[in-house]
Amino acid sequence: MNIHAVMRELPEVLQTVATGRVAYDKAIREARWAEGPVTIIASHESLHAARAGAEVLEFVLGWPAAAREANHFRHYSLATLRPRSIVIVISGNGEAEEVVSTASLAARQGANVLAATWKREGALAKAAREVLPLPPSKKEFAPVTDRLAEHAAMLEIAVAAAKIFNPRTPRLEEIEFDRLPEHAASMNLHLDDPIRSMALQIKGCRRLIIASGGFYHAPAREAAALARRITMQPVEAMPVEAVWDFSSTAATAQDAFLFLSGSRCRLKKAAHVVAARLAASGAKVFAATDANDRELIESASFSVLAPETEEITSSLLSLILLQRLILECSLNAPLL
């Protein structure tokens, strides 16, 4: 995969998602959402994006939301649906049997099913009440562009719902989606050398753990899945609190811990404490954050700095940064 070619696609992906805002608004209004739980059902490859969407929905809309893998939901949770429940089903091509059958069963129970898919005439779209359009897949770059598109779309959908049903929340005023394509293009231009340098240092370690919290954790899990797929190495994503144990027991100089955060992350203080303890233990600590996250930068031996934005927007930028880093790591020697 040509790294520069795929990274040039990402600002366009974000711009295409932004053009779907009118369609998201229309679909949400016409589905007649009732206040109450929102369930996001996903194929296995889309589950991290579904989790990101559920977390942001709860934060900006103020309703409980849950993300479930399609097979698991069909066998264990289908009976929890009530008439008019909101169910968002996400699957890029909209043809996976387990996703389509779960959407159909949910619709039969009276749920308002919305399909997030790029295949508007596909089986999933036909099983749903409304379609939430995703950008068309580009096969050559799909492992990167499709996942970014799904994450961006789920966050846009959550914000669109909040603007309709919870428009007075001050949390909406902070979100800076309009500048996302510009930020992504700027990162492509200015972060080549820093990301390449970080990749070279990480590849000398025996394992990589991506530590994160808040809205950064879904991108961390997505990046770890990409890393396992293209490097065939056991890269892990862990919440910051789970990394605490390494800081006093198992960490060595052969371990790399990459902290994903930002100066406006609500859980940044926990990241600061754990990163400092790891650095003191001799483990290699890296950071992907912004320039105002001083304490994390001071604990890290090397940092890559993204534009400073509020946490929801920053989480998407962090996914782009991690995707680029993983692609760089895959070029030469493996992690282990």
Side-chain angles (χ1 to χ4, degrees), residues 47-48 51-52 54-56 59 67 151 194-195 197-229 231 233-306 311-312 314-326 328-329 334-336:
L47 186 57
H48 300 311
R51 287 170 173 161
E55 290 168 356
V56 175
F59 182 72
H151 276 258
I195 289 178
S197 296
M198 182 181 282
L200 289 172
Q201 294 184 57
I202 286 174
K203 285 193 289 187
C205 300
R206 67 173 182 174
R207 62 179 171 181
L208 171 64
I209 294 174
I210 305 173
S212 59
F215 297 130
Y216 294 93
H217 195 49
R221 288 182 291 199
E222 192 71 76
L226 175 67
R228 291 191 295 268
R229 175 176 178 175
T231 69
Q233 301 300 320
V235 178
E236 298 178 67
M238 289 187 181
V240 167
E241 59 271 20
V243 181
W244 177 268
D245 292 338
F246 286 95
S247 64
S248 58
T249 55
T252 73
Q254 297 300 312
D255 299 323
F257 292 85
L258 172 56
F259 281 80
L260 200 63
S261 190
S263 61
R264 294 157 75 176
C265 176
R266 290 161 181 82
L267 298 180
K268 67 180 180 180
K269 290 183 179 180
H272 296 164
V273 172
V274 177
R277 285 172 62 93
L278 279 168
S281 75
K284 291 184 179 178
V285 176
F286 301 91
T289 184
D290 63 67
N292 282 325
D293 195 4
R294 298 290 184 184
E295 289 189 50
L296 182 56
I297 294 170
E298 288 174 3
S299 294
S301 61
F302 193 93
S303 300
V304 174
L305 305 180
E311 187 175 349
I312 295 174
S314 182
S315 70
L316 281 175
L317 296 179
S318 72
L319 177 56
I320 294 173
L321 190 156
L322 286 178
Q323 288 175 324
R324 173 65 186 273
L325 177 67
I326 296 303
E328 288 286 353
C329 285
L335 291 170
L336 303 179

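- Minimum heavy-atom separation, Ala256 to Cys205: CB-SG, 3.6 Å.
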Could you walk me through whether Leu258 and Leu322 pass the side-chain contact (heavy atoms from CB on, under 4.5 Å) test, one step at a time?
CA-CA 10 Å; Leu258 172 56; Leu322 286 178; 3.5 Å; yes
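- Residues forming a side-chain hydrogen bond (donor to acceptor under 3.5 Å, both in side chains) with Ser318 (at least two apart in sequence, or on another chain): none.
- Side chains of Val240 and Val273 form no contact here, defined as non-hydrogen atoms less than 4.5 Å apart.
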Donor-acceptor pairs under 3.5 angstrom involving side-chain atoms of residues 216-223: please list them, not counting sequence neighbours.
{"unit_1": "Tyr216", "atom_1": "OH", "unit_2": "Ser314", "atom_2": "OG", "d": "2.8"}
{"unit_1": "His217", "atom_1": "ND1", "unit_2": "Ser212", "atom_2": "OG", "d": "2.8"}
{"unit_1": "Glu222", "atom_1": "OE1", "unit_2": "His151", "atom_2": "NE2", "d": "2.8"}

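- Contact of the Ile202 side chain with the Leu325 side chain is registered, since non-hydrogen atoms from C-beta on lie closer than 4.5 Å.
- Using a 4.5 Å cut-off on side-chain heavy atoms (C-beta onward), Ile320 and Leu316 make no contact.
- Every residue meeting the side chain to side chain contact (heavy atoms under 4.5 Å, CB included) condition with Gln201, not counting sequence neighbours, appears here in chain and number order: Phe286, Phe302.
- When every heavy atom of Val304 is checked against every heavy atom of Ile195, the shortest pair comes out as CG1-CG1, 3.9 Å.
- The line from CE of Met238 to CD1 of Ile210 is 11.0 Å long, rounded to the nearest 0.5 Å.
- With sequence neighbours excluded, the residues satisfying ring pair (Phe, Tyr, Trp, His ring centres under 6.0 Å) with Phe59 are Phe215.
- Thr289 is linked by a side-chain hydrogen bond (donor to acceptor under 3.5 Å, both in side chains) to Asp293, counting only residues two or more places apart in sequence or in another chain.
- Residues forming a side chain to side chain contact (heavy atoms under 4.5 Å, CB included) with Ala225 (at least two apart in sequence, or on another chain): His48, Arg228.
- Atom CD of Glu241 and atom CG of Leu267 lie 7.5 Å apart (nearest 0.5 Å).
- In this view, Glu311 and Arg266 satisfy the side-chain hydrogen bond (donor to acceptor under 3.5 Å, both in side chains) rule, not counting sequence neighbours.
- The side chain to side chain contact (heavy atoms under 4.5 Å, CB included) test applied to Ala275 returns Phe259, Val285, Leu296, Ser299, not counting sequence neighbours.
- Closest approach of Ala211 and Val243 over heavy atoms only: CB-CG2, 3.7 Å.
- Gln323 pairs with exactly one of Leu321, Ile326, Leu319 by the side chain to side chain contact (heavy atoms under 4.5 Å, CB included) rule, that one being Leu319.
- By the 4.0 Å N-to-carboxylate-O rule, Arg324 lies close enough to Glu328 to be salt-bridged with it.
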